[in-house]
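Working notes for the structure below.
In this text the structure is predicted, and so the values were computed from the model without any measurement. Note that ligands are numbered from 1 as they come in the structure, with each ligand's atoms numbered from 1 the same way.
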Amino acid sequence: MQMGKSAALVLLYAVSFCLMVGAGRAQLKTVLINCGTNSSVDVDGRRWVGDLAANNNLTVSPAPTADTTAALSSNTSLGPIYGSARIFAGGLNYTFQEVQGDYFLRLHFCPFTFDQYNANESVFGVAANGLGLLSQYSVPGDIATENNNGSSYLIKEFFLSIDSNDLVIEFLPSKGSFGFINGLELVASEDNLFADAISKVGGNSVNLNLSGRGMETMYRLNVGGPQIKPSQDPDLWRTWEVDTSYMTNVDAGYQIKNNSNITYASSNDSSIAPLLVYETARTMSNTQVLEKRFNMSWKLTVDPGFDYLVRLHFCELLFGQPNQRNFRIYVNNRTAADNFDIYARAGGKNKAYHQDYLDAVSSRVSTLWIQLGPDTATGASETDALLNGLEIYKLSRNGNLAYVGAFNSAQNTTNKSRARSLLAGIGAGIGSVLILAFAVTIVFLLRRRRRSEIGSKNNALGWRPLFLHGAISNTTTNAKEAAGTKNQNGSVASMRLGRRFTVAEIRAATKNFDEKMVIGVGGFGKVYRGEIEDGTLAAIKRAHPQSQQGLAEFETEIEMLSKLRHRHLVSMIGFCEEQNEMILVYEYMANGTLRSHLFGSDLPPLSWRQRLEVCIGAARGLHYLHTGADRGIIHRDVKTTNILLDKNLVAKMSDFGLSKTGPALEHTHVSTAVKGSFGYLDPEYFRRQQLTQKSDVYSFGVVLFEVVCARAVINPSLPKDQINLAEWALGWQRQRSLETIIDPRLGGQYSPESMKKFGEIAEKCLADEGRSRPTMGEVLWHLEYVLQLHEAWRQRANDAESSSLNVESSEDCQAAGGAEERRNPLFTGPDSAIGRNTEGNGESVARDE
Ligand SMILES: *[C@@H]1O[C@H](CO)[C@@H](O)[C@H](O)[C@H]1NC(C)=O
């Protein structure tokens, strides 16, 4: 019975495989080739097809013959596909059809002695659509040592972004030698696997355009956990190695494990790494020692003279709050990030999150150090670091991934030095005032030049040359000019993230820009509500066609939004840049602006807790802007109309049209013409035209007062001393009498202690000099504390109520929005003094029932 059943399953599997191939799908998911045989084998439910057998999607040329086939029964124990190999003494091509897109290519090698062939004497090269993967390659004699996991086969893994329909894997033995291959594995990846913006270590953020390029996987480690086998990563069949042997001092990091309820911070992250990776981690040892003065360090051998993508996987497994664990990340002794707070970045505990860095390794160095250590500059309660996973990818240079030492690098020297100076120019930002137009032009020219070079040299049609473009909007002093040049080239936007919409699609979504669909109007133009074709609601922002200012801001906003991703930043769905239209499509924020919930509308008032939560969310978004990207970003236009609320009243910062990347380390500010919104402007910025992140802190202080006073920041109809909210509120706060002017609709439903603390934070934010103001991280921390004060007070009040009146618990009170606090028995609670005081305002709603 059992046998019959499994045979039927295998048959079913084979039939469905044939159907799949026969249907001629646009992109093949997986192609597994068992080289040197006509028989197919199944491993972990996947079928490896013999390269001698006929296959619709694969041609091998010259056609393989029996005398190039090695039957290796002694290797079979290592894995069924290692029982045979293809041997070649001349060129051998495997051509896969219908494989446009992103793939992992794995070359399987398992050395042997067969007839006169000793695999350890082989020397050969491999190219994929002209991209050099291996050159003068010899499989190392002692694979088990090389591998670090004791297995005696070797898998070389590459990531290819294939532009053309076909993929040609070309094997070529070196003169007088031979080569071999046991298996070829091609696995399609999600195309968002490397779509994120990357921080250059010591530089800007860049978008990695992998189109037509390639990467080699150097390391993939499951930090603090066991090896993860391909079958445990069934999306992409990756192997995650144990990290122990790469740590310089294993005692520095102890392993922790937690497999409860881990989810991806972003729902489309599921193929980034399996959740297993996030279940284990290393944190710094010696938890009892408060002042930790060491790093956890991983030392990895790499090939000199290449750029490396470092992907770090994180998941906060212990702390349930931000600002508990802030640390520094170093790549090759340079700071890649400071004040790194996994909880804040991932938006919670048990959230799987990753962060990418890009670093160039000089031609004299063959190690890459990854170090995580304390950030003593921050006020975090734990100077501790945590890491769950680590991946290192080598990026191709000039159509090449192979490293062959000094041997034949001479012929490439001119190409290489040019590429290096290009990268240095974009990346290091020497002087940091590289004009954008200039950079774009150079990149464009170079790109054209190299494309034609490569095209003529080796006719590698499918591959486009190395092309990195930086987040350049920050380096320009004249955004208008810059944006103009970019558009002239026309191609920059197409390389950004996000979907490109046609004008027709936008017209359909907005009922041809129907005025009834307008949900907002700004300096930039109108914002429409729209429904894109899958039914998703979106906010569609259309620039005034003639607006030059709009054009520059449009570009900035796309640049910014495509490299930023955070729970408290509005995310961009796509854009439309066609027929002179400049349109941005955002996620729809059902509850509109924060301002509309404070005054000037008939929306119900927000409770104190809701207001605090909104402020905390916005602060977290800004904190991320300031610290998340490598050099930080200054929003420049923080105000209550730029804080949007989604359907659950989660606050998100929006409108990055005026944003600037923060100052480089050697400078303390960015010089710039004054922009921003009246009433929120930092007076220091106004005086000195110098922009720092503290300018955002000032504006955020004004927001805090606006939230608690619920009035416009500038109201010319009021008496002179009241026109400017910041001045007026600060006056009352300095006399410790803020409660005199707070929104009467709060109706005394707040903890007086929390209100006192809140006023103090706002006051500190409005300090005249930037350096006296707190950082956004500190503001965030204090606001969290304010919320705790308020919650504790509410809890006490509820306890008092349930003990005296015996009604339902506080849990029930939390469900409903604005109404929840009305049931609080404020005036019978222990801290009733302020409650009574405010009751005098006649606006109390507490006794409504
Ligand atoms: C951690 O490593 C970095 C980079 O190598 C170094 O600058 C720093 O001093 C180290 N920190 C400690 C506490 O050893």
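- Only one option out of Y278, Y343, F340 pairs with F314 in a ring-ring contact (aromatic ring centres under 6.0 Å, His included); it is F340.
- For ligand 1, the polar-atom distance check against N333 finds a nitrogen or oxygen pair separated by under 3.5 Å.
- A salt bridge links D359 with R334: at least one charged nitrogen is closer than 4.0 Å to a carboxylate oxygen.
- The nearest non-hydrogen atom to atom 4 (C) of ligand 1, considering only R334, M296, Q371, comes from Q371.
- The N295 neighbourhood of ligand 1 comprises atoms 1 (C), 2 (O), 3 (C), 8 (C), 10 (C), 11 (N), 12 (C), 14 (O), with distances under 4.0 Å to a heavy atom of that residue.
- Side-chain contact, H313 with E391: a donor N or O sits under 3.5 Å from an acceptor N or O.
- Salt bridge annotation for R773-E778: absent, with no cationic side-chain nitrogen under 4.0 angstrom from a carboxylate oxygen.
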